[in-house]
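Here is the structure we will look at, set down as structure tokens.
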Amino acid sequence: MSAQIDQFVHQLLPAQHLRAEYLHLEEDFHNWTSLNVVQKLFDRVKERDLMHRPFLISPDHSLTYEQAHEQVQIISAHLIQDLKLVPGNRVLLRGVNSIALALSWLAVVNAGLVAVCTMPLLRSKELKEIILKSKPSLYLCQNELVEELNLARTELGLTTQQINFDVDHISGELKASTQGLKGLPCSFATEPSDVALLAFTSGTTGEPKAAIHTHADILSACFAWPKHVLQARETDLVMGSPPLAFTFGLGGLLIFPMYAACAVYYHDVPYRPQTMVDIMRQVGCTICYTAPTFYRQMASFIKDHPVPTLRISVSAGEALPEASRTLWRQASGLEMVDGIGSTEMFHIFISSGPGVMKPGAVGKVVPGYQACVLDEEGQELAPNTIGRLAVKGPTACKYLNDDRQTKYVQRGWNITGDLFTQDEDGYFFYQARDDDMIITAGYNVSAPEVEDSLLSHPLVLECAVVGQKDLERGMVVKAFCVLKEGHAPSSALIQELQDHVKTHLAPYKYPRIIECVDQLPRTQTGKLQRFKLKQLD
Ligand code: 3UK
């Protein structure tokens, strides 16, 4: 059932038989009669008597839960009453992580509207694809980022209403005409299966897909990884680099802090590795989220400038090489929490954590989820055998009107596209994306495994390994390396790197070709774009 009046997204949900099986949590939010995830999260803070606690913090502003709640109500009222939006309408959000963006997101979902988050760096071409798929009724855009959005709208001939906001003026124009609206309805009693979010995949190739998440999905996600693994406290201060338009960032830097009633800090300019360490120290950060490469780059700074308050560092988005885990541990004294999640599943479903750590493993399945490794026919494989990762839980893949639903969901399982092994103790070991396995002269070589070995060499800052077509061997292993500052490539160094790999791994895995480059192609969420390196061949 659905209470949303505009049924656009509901009508484009995959048919029931194409959906993954949901696993129900002890408290099954999917079966409640009414649920609005934003109202529920604020209510929990209220019940715990923590509304006076700090919530949203920036260099110039700080809002308590009480103040943020009031702002959210005002913006929601504006959306419903002045702008005449109807529950179920989509609202496109465009901005860097900021208090204004966070309040806007919360107000949109609180009002029963559907948030369509877009990455700040997207260009008009990419914005057009998102607009055509999601058909927003309103655009909320940070002043500094209007240009590409205007271009997209002009090219599509759209005149839909748009409000531009300023990150420095909390909710800026959003509340300009709402003075005195207090007391009028501003939130909407959605049902658990009503849609809260369209999350566009940051996929490394192809046309973007929109993953649909309901109010029950997002609340359920809070009662899985954040409850059992992260275990944040109300005194925590969270910080990190992933955008709120990426569900890794949305969960980590907005939803899960609310679940814990703790504070989150948004910086006014993009983080660089050194500034991130400095700011963590200045603001007293206790929990930090970013991608593996960023931790690698922060390691050298945090070593000399420790952040004594930091107690949890979470890495996700890409495989965490063992060499990077070690480097970070030595530099910061912290054991990394590595978690694999996806846009389709909303957040992390396999993770390391307190007492859950094995060298080389991502971790164990998060309570609330089930995971296993399947063969091509969908049969569960014996321990330590490479196969396709399959996951089920209280969140599930639901693409908006997309044939690729049948690729991600098979026989009720969510198939992430990753190759894994699982050992007898239930630890999951990442091998590769299913298209990143290199088959050379009949041997299987996982690209990340070779990268991990190269990264353990002291002169390698970053690297990427791909298969290059080869007449004799079918494919050969090729590595692209970024050297640490002050080191130049030479044939002696390349030989040294090859020998380094041969002493760590089976010799057939060593990269026969090594090319030194200045930087590697990455997506806006920090994922390596191996396909671009393959195209270079
Ligand atoms: C890869 C990892 C190894 C893996 C995400 C945490 O990354 C997120 O979502 P995306 O949709 O990509 C999903 C794919 O990324 N991946 C992510 N984390 C890891 N591979 N180790 C990891 N720790 O291929 C996965 O299928 O962009 C991550 C929370 C929310 C997210 N959306």
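The first residue of the sequence shown is numbered 1, and numbering continues consecutively from there. Atoms within a ligand are numbered from 1 in the order they appear, just like the ligands themselves.
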Ignoring hydrogens, just give me the one of [options] whose non-hydrogen atom is nearest [atom].
atom                    : options                : result
atom 1 (C) of ligand 1  : Pro292, Ala432, Gly317 : Gly317
atom 9 (O) of ligand 1  : Gly363, Ser352, Ser342 : Ser342
atom 10 (P) of ligand 1 : Ile340, Thr247, Thr343 : Thr343

[X] and [Y]: aromatic ring centres closer than 6.0 Å?
X      : Y      : result
Tyr265 : His267 : yes
Tyr289 : Phe248 : yes
Phe29  : Phe223 : yes

Margin query: Would you say Arg296 and Ser324 are linked by a side-chain donor-acceptor pair, where the criterion is simply a distance under 3.5 Å?
Written below: yes
Check: Quick one: does Tyr430 get an N or O within less than 3.5 Å of an N or O on ligand 1?
Finding: no
Check: Relative to ligand 1, is Lys527 under 4.0 angstrom through side chain, backbone, both or neither, heavy atoms considered?
Finding: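 The answer is the side chain.
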Next item on the list: Please work out whether any backbone atom (N, CA, C, O) or any side-chain heavy atom from C-beta onward of Thr525 is under 4.0 Å from ligand 1, and answer side chain, backbone, both or neither.
Entry: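 The answer is neither.
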For ligand 1, which atoms have a heavy atom of [X] less than 4.0 angstrom away?
X      : value
Ala319 : 3 (C), 20 (N), 21 (N)
Thr416 : 26 (O)
Phe346 : 30 (C)

Note to self: Does this structure show an ion pair linking Lys358 with Asp423, if we count only N-O contacts that are shorter than 4.0 Å?
What the structure shows: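 Between Asp423 and Lys358 there is a salt bridge, with a charged N closer than 4.0 Å to a carboxylate O.
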Check: Is the backbone of Leu454 close enough, under 3.5 Å, to the side chain of His504 for a donor and an acceptor to pair up by distance?
Finding: no
Checklist line | Sub-4.0 Å heavy-atom approach of Gly417 to ligand 1 | finding: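 For ligand 1, residue contact (heavy atoms, under 4.0 Å) with Gly417 is absent.
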Checklist line | Trace of the side chain to side chain donor-acceptor pair (under 3.5 Å) decision for Arg388 with Gln410 | finding: CA-CA 11 Å; Arg388 306 188 303 158; Gln410 295 174 27; 3.3 Å; yes
